[in-house]
Number of protein chains: 2
Amino acid sequence: MSPRDTEVTDQVTDVCPVRDLLDRIGSKWTVQVIEALAGRTLRFTELERAVDGVSRRVLVRTLRALERDGLLRRTVHPTVPVTVEYALTPLAAGLGGPLTALADWARTHRADMVSARRAYDAAAARPALSGDPA
Amino acid sequence: MSPRDTEVTDQVTDVCPVRDLLDRIGSKWTVQVIEALAGRTLRFTELERAVDGVSRRVLVRTLRALERDGLLRRTVHPTVPVTVEYALTPLAAGLGGPLTALADWARTHRADMVSARRAYDAAAARPALSGDPA
DNA sequence: CGGTATCCCTGCAGATACTG
DNA sequence: CAGTATCTGCAGGGATACCG
């Protein structure tokens with residue numbers, strides 16, 4: 001078997017390119033990693049601190065997935081204790097545009113979604129009443 | 001306890017609006033449901049057939065999540081057997097823009113990602129070799 | 001320093017039977 | 001017709017100890 005990992009999920013996901021991409025950027029830490037690496041190069045430990053909250057294992061998995069998709073470049077410097085640098089590729093830079101558009105939309109309409117949720121939850125709280133529940 | 005469901009995940013997700021949105025559109029069937037409802041109104045069973053592959057329970061959950069976020073409007077017609085219609089809200093229509101941009105990017109750069117994966121997987125297959133592995 | 005190996009736990013998703 | 005109830009499975013994520 002492959003010596004890498006048993007948890008390889010992304011094998012036959014290419015049914016729809018959109019779903020495929022969403023599986024990537026939808027995974028919990030991917031976007032934060034991309035943001036952390038926007039315009040700069042970081043080493044593993046720096047990344048670990050920059051993303052903050054992510055566990056080692058998961059961070060590694062996230063980085064590997066991004067690297068595998070050609071969005072991330074991993075450079076190993078054979079120094080005394082090994083040094084590894086991570087940087088986004090031009091491909092990832094191109095993704096930045098659509099991603100930012102989505103982020104902007106999210107921020108702009110955040111209030112709408114929050115209030116919609118409130119309304120929905122409130123409606124769910126009163127099954128079949130029109131007057132004051134209390 | 002709330003009579004709706006025990007599996008309410010989306011309670012305190014508002015740390016980051018982007019993550020929040022990605023949790024929504026990142027869930028497996030959301031985008032397909034949005035696509036299915038683009039510009040038209042469908043009933044539950046129609047939706048079930050349009051999305052194809054989704055199970056009842058999951059479809060309902062997807063619809064509820066979208067409705068809760070104000071992206072979907074659910075209309076119940078008190079006919080003999082009850083009739084329910086689903087339609088996107090203007091809010092969802094606005095989301096269509098950024099989402100399409102992302103989809104376009106995904107389609108455009110699909111080949112890049114696929115070849116990147118091939119290269120990555122090929123490299124992983126030969127741990128420390130330069131010649132022919134066979 | 002930059003990972004891997006190992007273990008656990010939760011939640012999403014799938015399938016299906018049942019119901020107002 | 002449009003769901004809910006129930007059970008199951010499994011991948012994603014988390015924590016941490018260990019290693020070259």
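Letters A, B, ... are given to chains in the order of the sequence lines, protein chains preceding strands, and every chain is numbered from 1. In this text, all values refer to a predicted model and were calculated from it rather than measured experimentally.
The V84(A) side chain lies nearest to dG3(C) when the options are dG3(C), dG3(D), dG14(D). Distance from the side chain of P81(B) is smallest for dC1(D) among the nucleotides dT4(C), dC1(D), dA13(C). When distances are taken from the side chain of R43(B) to each of dG13(D), dA2(D), dG2(C), the shortest belongs to dA2(D).
Between W29(A) and dG14(D) there is a side-chain N or O to OP1 or OP2 distance below 4.0 Å. The side chain of R64(A) places no N or O atom within less than 4.0 Å of a non-bridging phosphate oxygen (OP1 or OP2) of dG2(C). Note on T45(A): a side-chain N or O is less than 4.0 Å away from OP1 or OP2 of dG2(C). Contact annotation: R74(B) reaches the phosphate of dG3(D) (side-chain N/O to OP1 or OP2, under 4.0 Å). Remark: Y86(B) is not in phosphate contact with dC1(D), judged by side-chain N or O atoms under 4.0 Å from OP1 or OP2.
At the heavy-atom level, T79(A) lies nowhere under 4.0 Å from the strands shown. Within the nucleic acid shown, R56(A) comes within 4.0 Å of at least one base atom, counting heavy atoms only.
Between E48(A) atom CD and dC1(C) atom P there is a gap of 10 Å when expressed in whole angstrom units. For the pair L42(A) CG and dG3(C) P, the interatomic distance rounds to 13 Å; values are reported in whole Å. Remark: C1' of dG2(C) and CD of E85(A) are 13 Å apart, rounded to the nearest angstrom. Note: CG (L47(A)) to P (dG2(C)) measures 10 Å, nearest angstrom. The CZ-P distance, from R19(B) to dG12(D), rounds to 14 Å in whole Å.
Between the side chain of T89(B) and the backbone N or O of R73(B) there is no donor-acceptor pair closer than 3.5 Å. A donor-acceptor pair under 3.5 Å is absent between the side-chain atoms of T62(A) and the main chain of W29(A), judged by distance alone. In this structure, the side chain of E46(B) engages the main chain of R43(B) through a donor-acceptor pair within 3.5 Å. With hydrogens and angles ignored, the 3.5 Å screen pairs no side-chain donor or acceptor of R107(A) with any backbone N or O of P17(B).
V31(A) is connected to V60(A) through a chain of hydrophobic side-chain contacts under 4.5 Å among Ile, Leu, Val, Met, Phe, Trp and Tyr, so both are in one cluster.
Of the two residues contacting DNA chain D, namely V58(A) and V82(A), the nearest-nucleotide position lying further toward the 5' end is that of V58(A).
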